[in-house]
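What follows is one structure encoded as structure tokens, with my remarks underneath.
Worth knowing before you read on, the calculation uses all heavy atoms, side chains too, and leaves out hydrogens, waters and symmetry mates. Every chain is numbered from 1 and lettered A, B, ... according to where its sequence line falls, protein lines coming before strand lines.
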Protein chains: 2
Amino acid sequence: MGAARESKNKLTDEIVGRLARQHSTAVVLFHHAVAERLGLGPTDHKCLDLLRERGALAGSDLGAITGLTSGAITGVVARLERAGYLRREPDPHDGRKQILHLALERSPIQDVIDPLRADVSALLENFDAHQLTAIAEFLAGTTDLVYRHAALLRAETISDMGRTRVTGRTASK
Amino acid sequence: MGAARESKNKLTDEIVGRLARQHSTAVVLFHHAVAERLGLGPTDHKCLDLLRERGALAGSDLGAITGLTSGAITGVVARLERAGYLRREPDPHDGRKQILHLALERSPIQDVIDPLRADVSALLENFDAHQLTAIAEFLAGTTDLVYRHAALLRAETISDMGRTRVTGRTASK
DNA sequence: AGAAACTCGCTTAGGAAGTAAGCTATATAC
DNA sequence: GTATATAGCTTACTTCCTAAGCGAGTTTCT
């Protein structure tokens, strides 16, 4: 266990301890700015992103992933539909469900984030294939982990609320 | 310009086109779940993150970075102070300003995100030093870019609002 | 088949938190 | 020394989320 391993540990600590966190803060900020630019709330934008990622979902699925209540989902879908971002279709196999589809091939979001994409592409020029593979695997791996931990956290929060008998956001009220 | 360059381009496209975006969506989701767990709103959590990152800021700085109005900042600071996350001190050089300091060395946020940190650390075990360097540089570089583009976007949005003479969020209303 | 229990999406009432506008106090420029 | 600009607070209003409850459709159990 020599200098190489030590250097690795130092890099790892730097990544998880500072870089990843600063990155997250920036991403959240950007996400909000994009939503504002499009005339959407952050929640609407988040749901639209999920829909684009996962293909077609039912409203209940969207609620399960985001942690939103069914009432909130109704509002999100109504706003996004009215603004032309998505359309609803009844599920042929289940009369209660509404399947949500993206209405636009090329979303207006693309135009908003393209300048950033271009800059990131330029940044990636500096790396070799071996490194790019690492970046791709890092992103895919952390995305998965982050999703799982978010779901876990929400589950804990909900069960805590049951234990402490509070409604709403704050425990002391 | 042979197979190596082609492979690089393919990887780059995959990263900026899909992986980075999925990663962002997951991060936003997680950020919200953490806030909920702590009994904070996403905005409060975001401001707390910024404060931890940048050291000590004035309320006006926080507003400039996040795009929030001064009224909203007043609310954020009041909630975070009441919950014990920060304290305010008058600026000795400017009687109007309030400098915001973190009140806690080890924030409760740490406990909430530590399990994720541990999993990410384990993931990083699979990479060599050369790759870890790339990941670190990628994170640092994109963080910077994302911040700059967020500020740019907000500037555009504000000037657009001036041009089209609308107040509030939606243009058609 | 029929009854009970569950799930989906919508509606309503209420609350949390944002914006916009106006105020006071301090700071700076002319 | 007066005028202008800035920091942060307050107020009125708006938006959007939660909680609770509904009707319609589906699944399960006997």
Side-chain angles (χ1 to χ4, degrees), chain A residues 32-33 35-36 39-48 57-83 86 88-100 154 157-158 161-162 165-173, chain B residues 32-33 35-36 38-48 56-83 86 88-100 154 157-158 161-162 165-173:
Chain A
H32 197 110
E36 208 171 36
L40 301 172
T43 301
D44 296 5
H45 180 200
K46 184 166 60 184
C47 290
L48 203 53
L57 293 170
S60 50
D61 300 328
L62 215 46
I65 300 170
T66 57
L68 292 170
T69 58
S70 89
I73 294 292
T74 298
V76 168
V77 171
R79 284 190 297 275
L80 289 179
E81 191 179 33
R82 183 148 26 92
L86 62 81
R88 289 185 298 180
E89 288 180 9
D91 185 338
H93 303 308
D94 188 333
R96 300 164 301 177
K97 286 190 183 176
Q98 305 273 357
I99 311 276
L100 308 175
R154 249 204 328 278
T157 304
I158 291 168
M161 278 166 42
R165 298 274 194 117
V166 285
T167 44
R169 179 171 288 154
T170 55
S172 60
K173 178 89 176 288
Chain B
H32 196 110
E36 208 170 37
L38 295 172
L40 301 172
T43 302
D44 296 5
H45 180 200
K46 184 166 61 185
C47 289
L48 204 53
L57 292 170
S60 51
D61 300 327
L62 216 46
I65 299 171
T66 58
L68 292 169
T69 57
S70 90
I73 294 293
T74 298
V76 169
V77 171
R79 283 189 298 275
L80 289 179
E81 190 179 33
R82 184 148 23 92
L86 61 81
R88 290 185 297 181
E89 288 180 7
D91 185 338
H93 304 308
D94 188 334
R96 299 164 302 178
K97 286 190 182 175
Q98 305 273 359
I99 310 275
L100 308 175
R154 251 204 326 280
T157 304
I158 291 169
M161 279 167 42
R165 299 273 196 117
V166 284
T167 44
R169 178 170 288 153
T170 54
S172 60
K173 184 83 175 287

Any side-chain heavy atom of Asp61(B) within less than 4.5 Å of one from Leu100(B)?
no
Arg88(A) side-chain N/O to dC10(C) phosphate OP1/OP2 under 4.0 Å:
yes
Among Gln98(B), Lys97(B), Arg96(B), find the one that has a side-chain hydrogen bond (donor to acceptor under 3.5 Å, both in side chains) with Asp94(B).
Arg96(B)
On the nucleotide dT6(D), are OP1 or OP2 found under 4.0 Å from the side-chain N or O atoms that Ser60(B) carries?
no
Value for OG1 (Thr43(A)) from NE2 (His32(B)), rounded to nearest 0.5 Å, stands at 6.5 Å
Between His32(A) (NE2) and dA17(C) (P), how many Å, whole number?
14 Å
Among dA7(D), dG18(C), dC9(D), find the nucleotide with the atom closest to the side chain of Val76(B).
dG18(C)
Closest to the side chain of Arg79(B), out of dC8(C), dA17(C), dT19(C), is dA17(C)
What's touching nucleotides 23-26 of chain C from the protein side, N or O pairs under 3.5 Å?
{"residue": "dT26(C)", "atom": "O3'", "partner": "Gly95(B)", "partner atom": "N", "Å": "3.4"}

So does Thr43(A) reach the base of dC17(D) with its side chain, donor to acceptor, closer than 3.5 Å?
no
Whole angstrom is fine here: how far is it from CD in Glu81(A) over to P in dC10(C)?
9 Å
In whole angstroms, the gap separating C1' of dG8(D) from CD1 of Ile99(B) amounts to 13 Å
Would you mind reading off the distance between Leu80(A) atom CG and dC17(D) atom P, rounded to a whole angstrom?
10 Å
Whole angstroms only, please: what is the CG-P distance between Asp91(B) and dT6(D)?
17 Å
With a 4.0 Å cut-off on heavy atoms, is Gly67(B) in touch with a base, just the backbone sugar-phosphate, or nothing at all?
sugar-phosphate
Give one of base, sugar-phosphate or nothing for Ser70(A), where a contact means two heavy atoms less than 4.0 Å apart.
base
Indicate yes or no: at least one non-hydrogen side-chain atom of Cys47(B) is less than 4.5 angstrom from one of Leu68(B).
yes
Just checking Gly59(A): base, sugar-phosphate only, or nothing, at a heavy-atom cut-off of under 4.0 Å?
sugar-phosphate
Give a yes or no answer on whether the side chain of Arg154(B) reaches the backbone of Ile65(B) with a donor-acceptor pair at less than 3.5 Å.
yes
Partner residues of Ala64(A) under the side chain to side chain contact (heavy atoms under 4.5 Å, CB included) criterion, sequence neighbours left out
none
Non-hydrogen side-chain atoms of Leu48(B) and Leu80(B) separated by less than 4.5 Å
yes
For Thr74(B) and for Thr69(A), locate the closest nucleotide of DNA chain D by heavy-atom distance; then report the residue assigned to the nucleotide nearer the 5' terminus.
Thr74(B)
Once you round it to whole Å, what is the distance between P of dT6(D) and CD of Gln98(B)?
19 Å
Please report the distance, rounded to the nearest Å, between CG in Asp61(A) and P in dT7(C).
14 Å
May I have the distance from Leu68(B) (atom CG) to dG8(D) (atom P), rounded to whole angstrom?
13 Å
